[in-house]
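In this chain, numbering begins with 1 at the start of the sequence shown. It should be emphasised that the depicted structure is a prediction, and the values quoted were computed from it without experimental measurement.
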Amino acid sequence: MLVSNLHKSIRFGLVEQASATADALHLCDPGYFYRRLPVIALEDVSLGNLPVCFEILTLCRDLTLRRKFQGRGLARYIGAKLAATHKSRSACDLLSLVGTSDARPAGFGCTPVDGAELDIASSDREPIRTRAAVLLKLDQGLSEDGGNSRASLGVVASRLGLPSLLIDTLMCGGSTHGLNAMLALIYELMAQRPLRVEVASTNLAPLDNSILCAAADQYTRLGREAIGRWMRSTRELSALLKMKGSQKATEIVGMALFHIEGSLLNTRLTNDCLEILREETERAELARLGISPNSSAELYAVMRSNLGALNDTRRKLWKSR
């Protein structure tokens, strides 16, 4: 729950709560904290504020700096810094889209990177999903000569003429599940249309004094139990999902809940291209679970109108745990 609460506090712009939750997570497991925070920085802030993102990557991976800032104080600083800034989840959207599509070629991740793939990744004439899949391979696979392909990732970054700070962030952002590799393409999409900041209304309902209701999502045990009870007690929701089976229905509602609640950012740096990407990703994530675009619109509407009941269920389970 601490990790989920940290994500939501950062995404919702709750500076004090993010700072306190980061402190609590660091106190529980400092090693995990410094492994996890680069993922959070690239997933939830990313090109929303690249200097902040790069600063957090550097702080988390430089043992000398971590010692200088004395642990818990640094954790609080990182949590607050990420919560206070503009954000972007577009790199995560693109990574998710690759995972739900057939963009990955046969044998992906098993064969070394070759020159043709470098050309694909560097060409704006290739489909963005295909380019993203190749960049992911460059970040995680092997080069043609048997060396580490992260050098090839740098080659692509140079070919694309990326700013030096973006290249530095891309290259030092390894071990983040490929989020760093998506930055090059998101930068391209950002340059194609004027950028704007969009403000979202988020679910700030508290579970208790230190935890948000939204933290009890499909990735937590309490959240899955709450979602199951909520589905069974909400007639409209049960009717929409009656043919899906309980496990599949919970997965569907969990993903839809992430779209309308858990993934929201209080201030999102975006443009028309990035909004198209986000919408395409959300459609693909639900389509993979058997939900059509028309059905998803109805599902979102029913869930939004009954979100208060879900929060009540979450609180009852939290109190009885």
Side-chain angles (χ1 to χ4, degrees), residues 1-14 17-18 21 24-25 40 43-44 89 92-93 96 99-100 199-266 268 278-279 281-321:
M1 286 289 284
L2 275 177
V3 176
S4 182
N5 195 62
L6 181 56
H7 269 286
K8 306 309 182 295
S9 299
I10 288 170
R11 290 172 189 162
F12 298 175
L14 303 175
Q17 190 151 347
T21 306
L25 181 59
I40 293 178
E43 183 176 335
D44 293 335
R89 284 185 46 81
C92 190
D93 289 337
S96 296
T100 57
V199 178
S201 177
T202 54
N203 179 12
L204 302 180
L207 200 57
D208 67 12
N209 292 332
S210 59
I211 303 289
L212 294 164
C213 278
D217 60 12
Q218 74 272 30
Y219 302 110
T220 66
R221 184 170 57 184
L222 186 146
R224 288 190 294 273
E225 185 176 351
I227 289 169
R229 293 191 183 189
W230 182 50
M231 287 190 305
R232 292 189 294 272
S233 63
T234 306
R235 184 178 302 176
E236 294 172 286
L237 205 49
S238 298
L240 282 175
L241 300 167
K242 63 182 177 181
M243 302 300 290
K244 299 297 182 181
S246 60
Q247 183 173 349
K248 187 67 169 290
T250 300
E251 190 176 359
I252 290 167
V253 171
M255 180 57 69
L257 187 64
F258 182 71
H259 295 164
I260 67 170
E261 179 192 62
S263 66
L264 297 183
L265 304 175
N266 68 313
R268 182 172 80 253
R278 180 181 61 82
E279 292 165 4
T281 300
E282 292 180 353
R283 284 196 300 270
E285 287 171 339
L286 285 178
R288 180 177 58 85
L289 299 172
I291 301 297
S292 69
N294 288 339
S295 297
S296 65
E298 186 177 4
L299 179 62
Y300 289 151
V302 169
M303 291 174 63
R304 286 189 178 103
S305 66
N306 289 279
L307 194 56
L310 173 60
N311 286 338
D312 290 341
T313 302
R314 287 162 159 166
R315 291 189 187 100
K316 287 178 182 176
L317 287 172
W318 180 257
K319 290 178 181 178
S320 64
R321 74 193 191 285

So how far is it from [X] [atom1] to [Y] [atom2], rounded to the nearest 0.5 Å?
X: Ile227; Y: Asp217; atom1: CD1; atom2: CG; value: 7.0 Å
X: Met303; Y: Leu237; atom1: CE; atom2: CG; value: 6.5 Å
X: Lys8; Y: Asp44; atom1: NZ; atom2: CG; value: 8.5 Å
X: Leu2; Y: Ile211; atom1: CG; atom2: CD1; value: 5.5 Å
X: Cys213; Y: Leu307; atom1: SG; atom2: CG; value: 8.5 Å
X: Ser9; Y: Asn266; atom1: OG; atom2: CG; value: 11.0 Å

Item to complete: Apply the test side-chain contact (heavy atoms from CB on, under 4.5 Å) to residues Met255 and Ile291: give CA-CA distance (whole Å), side-chain angles for both, the deciding distance (0.1 Å), then the verdict.
Response: CA-CA 11 Å; Met255 180 57 69; Ile291 301 297; over 6 Å; no
Flag, side chain of [X] to backbone of [Y], donor-acceptor distance under 3.5 Å:
X: Arg224; Y: Glu251; value: no
X: Thr234; Y: Met231; value: no
X: Thr220; Y: Ala216; value: no
X: Ser296; Y: Pro293; value: yes
X: Arg288; Y: Thr100; value: no
X: Ser263; Y: Phe258; value: yes

Item to complete: Determine whether the side chains of Lys242 and Ser238 contain a donor N or O and an acceptor N or O closer than 3.5 Å.
Response: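 Note: Lys242 and Ser238 side chains miss the donor-acceptor criterion.
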Practice prompt. Indicate whether any N or O donor in one side chain lies under 3.5 Å from an N or O acceptor in the other, for Asn5 and Thr21.
Written response: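 There is such a pair (donor and acceptor under 3.5 Å, judged by atom type) between the side chains of Asn5 and Thr21.
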Fill in: Sole residue of Leu264, Leu212, Asn311 in side-chain contact (heavy atoms from CB on, under 4.5 Å) with Asn203
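That would be Asn311; it is the only one of Leu264, Leu212, Asn311 passing the side-chain contact (heavy atoms from CB on, under 4.5 Å) with Asn203.
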Non-hydrogen atoms of [X] and [Y] that approach each other most closely:
X: Glu285; Y: Leu289; value: O-CG, 3.6 Å
X: Ala214; Y: Ser4; value: O-OG, 4.4 Å
X: Ala256; Y: Leu286; value: N-CD2, 4.2 Å

Discussion item. If the condition is salt bridge (Lys or Arg N to Asp or Glu O under 4.0 Å), which residues does Arg278 pass it with, not counting sequence neighbours?
Written reply: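 Testing Arg278 for salt bridge (Lys or Arg N to Asp or Glu O under 4.0 Å), a comparison that skips the adjacent residues, returns Glu275, Glu282.
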Hey, are the side chains of [X] and [Y] touching, using non-hydrogen atoms and a 4.5 Å cut-off?
X: Met1; Y: Leu207; answer: yes
X: Asn306; Y: Val302; answer: yes
X: Thr250; Y: Gln218; answer: no

Fill in: Pair Arg11 + Glu43: basic N to acidic O under 4.0 Å
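Looking at Arg11 and Glu43, the cut-off is met.
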Practice prompt. State which residues pass side chain to side chain donor-acceptor pair (under 3.5 Å) with Tyr300; sequence neighbours excluded, sorted by chain then number.
Written response: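 Residues passing side chain to side chain donor-acceptor pair (under 3.5 Å) with Tyr300: His259.
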Item to complete: Take Leu299 and Ile252 through the side-chain contact (heavy atoms from CB on, under 4.5 Å) test and state the conclusion after the steps.
Response: CA-CA 10 Å; Leu299 179 62; Ile252 290 167; 3.8 Å; yes
Worksheet item: Got a sec, which pairs hit side chain to side chain donor-acceptor pair (under 3.5 Å) with one end in residues 204-214, sequence neighbours left out?
Response: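 Of all non-adjacent pairs touching residues 204-214, those that pass side chain to side chain donor-acceptor pair (under 3.5 Å) are Asp208-Ser210, Asp208-Trp318.
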Worksheet item: Around Arg221, counting heavy atoms of other residues, nucleotides and ligands shown, do more than 12 lie under 6.0 Å from its CZ?
Response: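 Counting other residues, nucleotides and ligands, CZ of Arg221 stays at 12 neighbours or fewer.
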